[in-house]
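Letters A, B, ... are given to chains in the order of the sequence lines, protein chains preceding strands, and every chain is numbered from 1.
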There are 2 protein chains.
Amino acid sequence: MTAAANHHGRRTTTRTRRLERAGIRDVAAAAGVSITTVSDALNGKGRLPDETRTKVREVAERLGYRPSAAARTLRTGRSGLIGLTVTTYGQEPFTFTEFAYFAEMARAATSAALNRGYALVVLPASSRHDVWSNVALDGTVVIDPSDHDPMVADLYRQGLPVVSDGKPGNCPVTAWVDNDHHAAVLGILDHLAQAGARRIGLLTGTSTDTYTRLSTEAYLGWCRSVGQEPLYEAYPAHDPCAGAVAADRLLARPDRPDAVYGLFDPNGTDLLAAARRYHLRVPDDLLLVCCSESDVYAATEPPITTLSLKPRRIGTTVVNLLIDAIEGQSSANQSSDDESPAEENVSGQLMPTELIVRRSSQRRSPRTTVSAPRPPGET
Amino acid sequence: MTAAANHHGRRTTTRTRRLERAGIRDVAAAAGVSITTVSDALNGKGRLPDETRTKVREVAERLGYRPSAAARTLRTGRSGLIGLTVTTYGQEPFTFTEFAYFAEMARAATSAALNRGYALVVLPASSRHDVWSNVALDGTVVIDPSDHDPMVADLYRQGLPVVSDGKPGNCPVTAWVDNDHHAAVLGILDHLAQAGARRIGLLTGTSTDTYTRLSTEAYLGWCRSVGQEPLYEAYPAHDPCAGAVAADRLLARPDRPDAVYGLFDPNGTDLLAAARRYHLRVPDDLLLVCCSESDVYAATEPPITTLSLKPRRIGTTVVNLLIDAIEGQSSANQSSDDESPAEENVSGQLMPTELIVRRSSQRRSPRTTVSAPRPPGET
DNA sequence: GGATGACGGAGATACGTTTCTCCATGAGCA
DNA sequence: TGCTCATGGAGAAACGTATCTCCGTCATCC
């Protein structure tokens with residue numbers, strides 16, 4: 001049997017196998033046109049009279065034709081898939097601390113991707129080639145990449161657009177989005193001071209990610225500017241037990257603070273428990289704010305003021321930036337010719353946060369209010 | 001230029017383009033072996049001496065070779081991708097009501113998939129060909145499919161394994177997993193009765209999904225068996241406002257219940273608010289239980305007893321069943337020869353729930369306890 | 001009346017793998 | 001010497017699509 005005969009006879013010889021999905025060839029044969037015509041008709045390309053188009057579409061529909069995503073991806077170089085990379089601790093993707101934030105952010109990202117015809121795949125930053133190589137991505141969102149992150153560098157080297165949630169320390173990304181952590185912390189400290197706080201303490205982390213670093217620096221700078229001695233405890237944020245211990249230590253100090261801001265989600269609960277142990281009334285003896293996306297703090301006694309990082313908005317923005325980069329890439333490749341995209345060119349975007357004021361940070365008026373929205377954009 | 005010359009010269013002519021990823025051909029050329037040998041060496045197949053293998057691996061590493069997922073998928077028919085289909089309401093995937101459940105379930109599913117070398121893609125049940133056709137799936141998890149779900153039927157017709165979370169009403173699936181809703185509801189009703197409830201009410205939904213239906217039937221059956229007149233309000237579960245209204249209506253009835261079980265996550269908060277309006281003390285005048293995965297109910301006043309569906313376990317199980325089906329499929333195809341898999345063959349699995357007992361359902365002992373731990377094994 | 005161009009569509013190639021088939025070589029053995 | 005086998009590896013055919021190139025056919029225009 002010659003190669004040609006084999007090729008043309010393939011369908012008939014294998015059609016006996018059940019569940020054989022119809023291919024573009026079958027549609028072409030059934031419609032009495034060429035493969036080219038079918039492809040053009042279904043994709044709205046080429047120059048075809050409308051009657052041909054509708055006829056081909058009819059036949060395709062009748063045969064239940066579904067184009068092979070794999071073949072299309074191979075041919076076009078586009079998969080319509082974007083990755084969402086998370087750091088893992090142990091078996092689970094993303095940490096306990098980040099759970100509420102991540103869940104909201106991932107949901108918004110998924111939604112934003114779908115709105116633009118992309119699908120989102122959650123991938124762990126750790127397991128390298130196992131899964132990563134097996135999925136064709138058009139680009140990746142990276143959450144909180146570490147300094148000189150090897151994985152991000154690797155992705156970038158492959159020419160994949162990478163957008164990071166969290167200002168990247170020292171790794172090349174196409175774009176990034178972050179909250180204005182500096183402004184957020186200053187806002188909280190001012191808010192506490194206005195409520196009567198004299199000695200504001202901080203519960204912070206020992207890790208070197210941007211969020212922890214920027215927030216802590218903002219706190220220290222504020223202390224310098226108002227002449228307060230810094231009062232803080234740092235602990236490994238991924239360990240929930242360490243958080244409870246650190247909260248206790250902070251309130252056990254001889255120079256006990258009269259207000260505390262906790263950088264991580266569980267801090268509110270931990271601080272509340274510690275305050276009870278030391279018979280401190282909130283907010284009378286101790287003002288409390290923590291950074292959290294959880295609605296638990298609306299139901300605690302008293303309800304705790306929280307800083308929301310607005311993960312929905314971050315997720316949406318990050319995905320849209322990524323898709324912009326993916327879709328702008330083809331045209332950019334043709335026009336621009338410089339070898340290395342200038343590092344200063346990387347577009348970063350700062351998103352506002354929202355302070356949800358509840359009883360725990362209000363000594364004067366016990367009413368629950370919400371802070372006025374900031375003008376978006378600057379600082 | 002002949003075709004052969006063109007083919008062999010391709011790399012050299014196009015190498016001038018930047019960011020050209022190395023292909024298997026380049027590795028073969030650099031290592032001085034054939035493409036076959038490279039493929040075999042990297043995939044651990046064929047019969048090759050170890051020195052050849054390591055040499056090829058070295059060269060591949062040096063060139064930064066990453067196999068094309070698209071090409072591999074096209075060739076092997078396996079993408080390593082599984083879908084997670086959710087029903088959508090409006091723009092967002094999954095409803096407000098299901099949020100905590102879904103977040104946990106999705107996380108566990110993602111984790112379970114990654115553990116077995118698969119990645120998980122969240123896809124909306126609605127937008128049909130837009131995205132669905134563009135991603136090559138090895139199988140799909142469907143959450144709570146409706147009766148005669150056309151999408152599930154379509155997937156199944158294409159020969160894709162489908163596993164559903166929630167016993168499927170009347171659509172063909174490969175397997176399914178569900179909680180034992182009947183037993184769960186009976187357990188709760190007994191628990192409330194033991195705590196002194198005489199007239200137990202139910203807050204239920206108007207939709208026809210399995211969860212709502214089975215739970216309501218269990219309630220009605222229990223009422224019949226103990227001779228209590230049913231007291232329930234049904235509302236469209238996807239509308240949070242309707243839930244608050246229904247909770248109010250239930251407590252406003254002349255034959256007001258002295259205990260209520262709410263089938264949906266926000267019911268606890270809504271019932272608590274309604275109870276306050278009618279000056280009912282919980283648990284003294286009204287016992288409360290609701291089905292929820294949210295930890296909000298540990299912090300309410302009083303803390304509310306909840307039924308957890310253990311979404312983590314469900315997500316893990318569902319994914320593992322799906323992957324079993326995917327990987328068992330190839331061998332099954334060769335041996336079995338029957339045209340239609342018998343419907344009775346579909347393997348279903350019932351998972352236990354967990355009642356987290358808190359103050360809202362305990363009239364006698366005010367201590368907060370947790371139900372006795374089950375025999376260990378899974379989360 | 002022949003060059004021109006729009007129209008409608010077919011052929012063939014390439015995307016980058018995996019894998020089936022088959023070949024060369026040399027050792028072992030009668 | 002001639003035969004079989006195991007070893008190591010090469011060739012080439014798919015997988016199913018998109019798209020580049022090109023070809024015939026009319027109608028039109030100078």
Side-chain angles (χ1 to χ4, degrees), chain A residues 1-11 13-14 17 20-29 31-53 55-56 60 63 65-80 133-134 136, chain B residues 1-11 13-14 17 20-29 31-53 55-56 60 63 65-80 133-134 136:
Chain A
M1 188 195 278
T2 70
N6 182 21
H7 182 266
H8 289 127
R10 192 187 57 82
R11 277 287 149 180
T13 60
T14 59
R17 270 178 37 200
E20 190 79 27
R21 280 179 52 177
I24 199 176
R25 260 189 304 264
D26 305 288
V27 178
V33 295
S34 74
I35 292 179
T36 307
T37 304
V38 175
S39 177
D40 284 349
L42 295 180
N43 295 331
K45 301 194 173 178
R47 316 156 304 190
L48 298 177
D50 282 345
E51 36 188 341
T52 306
R53 280 203 148 79
K55 181 188 169 189
V56 168
L63 296 186
Y65 168 68
R66 299 274 184 278
S68 150
R72 171 174 293 171
T73 299
L74 179 58
R75 181 62 234 244
T76 62
R78 291 284 247 290
S79 66
S133 304
N134 270 328
Chain B
M1 187 195 274
T2 71
N6 182 22
H7 181 266
H8 290 128
R10 192 188 58 81
R11 275 288 149 180
T13 61
T14 59
R17 270 177 40 200
E20 189 79 27
R21 279 180 52 179
I24 199 176
R25 260 190 305 266
D26 305 288
V27 178
V33 295
S34 75
I35 292 179
T36 307
T37 303
V38 175
S39 179
D40 284 349
L42 295 181
N43 295 332
K45 300 193 173 179
R47 315 156 304 190
L48 297 177
D50 283 344
E51 34 187 341
T52 305
R53 265 186 222 285
K55 181 187 170 188
V56 168
L63 297 185
Y65 168 69
R66 299 273 182 279
S68 150
R72 170 175 293 169
T73 299
L74 179 58
R75 180 62 236 243
T76 62
R78 289 283 246 292
S79 66
S133 304
N134 270 329

Original post:
For the pair made of CG in Leu74(B) and P in dA14(C), what is the distance, rounded to whole Å?
Top reply: 16 Å

Original post:
Of all residues at least two apart in sequence or in a different chain, which pass the side chain to side chain contact (heavy atoms under 4.5 Å, CB included) check with Ile35(A)?
Top reply: Ile24(A), Arg25(A), Ala28(A)

Subject >> Between C1' of dT19(C) and CG of Leu48(B), the distance in whole Å >> reply: 13 Å

Protein-nucleotides 18-22 of chain D N/O pairs closer than 3.5 Å?
unit_1	atom_1	unit_2	atom_2	d
dA18(D)	OP1	Asn43(A)	ND2	3.3
dA18(D)	OP1	Arg72(A)	NE	2.8
dA18(D)	OP1	Arg72(A)	NH2	3.0
dA18(D)	OP2	Ser39(A)	OG	3.1
dA18(D)	OP2	Asn43(A)	ND2	3.3
dA18(D)	N3	Arg75(A)	NH1	2.1
dT19(D)	OP2	Lys45(A)	NZ	2.9
dT19(D)	O4	Thr36(A)	OG1	3.2

**OP:** Please report the shortest heavy-atom distance between Arg66(B) and Ser133(A), naming the atom on each side.
**Re:** CD-OG, 4.3 Å

Subject >> Sole residue of Thr52(B), Asp26(B), Asn43(B), Val27(B) in side chain to side chain contact (heavy atoms under 4.5 Å, CB included) with Val38(B) >> reply: Val27(B)

**OP:** Using only side-chain N and O atoms of Ser68(A), determine if any of them is under 4.0 Å from OP1 or OP2 of dG16(D).
**Re:** no

Subject >> Residue-phosphate contact under 4.0 Å: Thr73(B) side-chain N/O, dT17(C) OP1/OP2 >> reply: no

Subject >> Nearest-neighbour nucleotide for the Pro49(B) side chain, dG8(D), dA10(D), dT17(C) considered >> reply: dG8(D)

Original post:
Between atom CG of Asp40(A) and atom CZ of Arg53(A), what is the distance when rounded to the nearest 0.5 Å?
Top reply: 7.0 Å

**OP:** Could I get the full list of side chain to side chain contact (heavy atoms under 4.5 Å, CB included) partners for Ala29(B), not counting sequence neighbours?
**Re:** none

Could you pull out the protein-nucleic contacts involving nucleotides 25-28 of chain D (nitrogen or oxygen on both sides, under 3.5 Å)?
none

Subject >> Spatial distance of atom OG (Ser79(A)) from atom CG (Leu74(A)) [nearest 0.5 Å] >> reply: 12.0 Å

Original post:
When the distance from CZ of Arg53(B) to C1' of dT7(D) is rounded to whole Å, what number comes out?
Top reply: 13 Å

**OP:** Go through the structure and list residues passing side-chain hydrogen bond (donor to acceptor under 3.5 Å, both in side chains) with Ser34(A), not counting sequence neighbours.
**Re:** Thr37(A)

**OP:** Please list, chain by chain and in numerical order, all residues satisfying side-chain hydrogen bond (donor to acceptor under 3.5 Å, both in side chains) with Thr73(B), sequence neighbours excluded.
**Re:** none

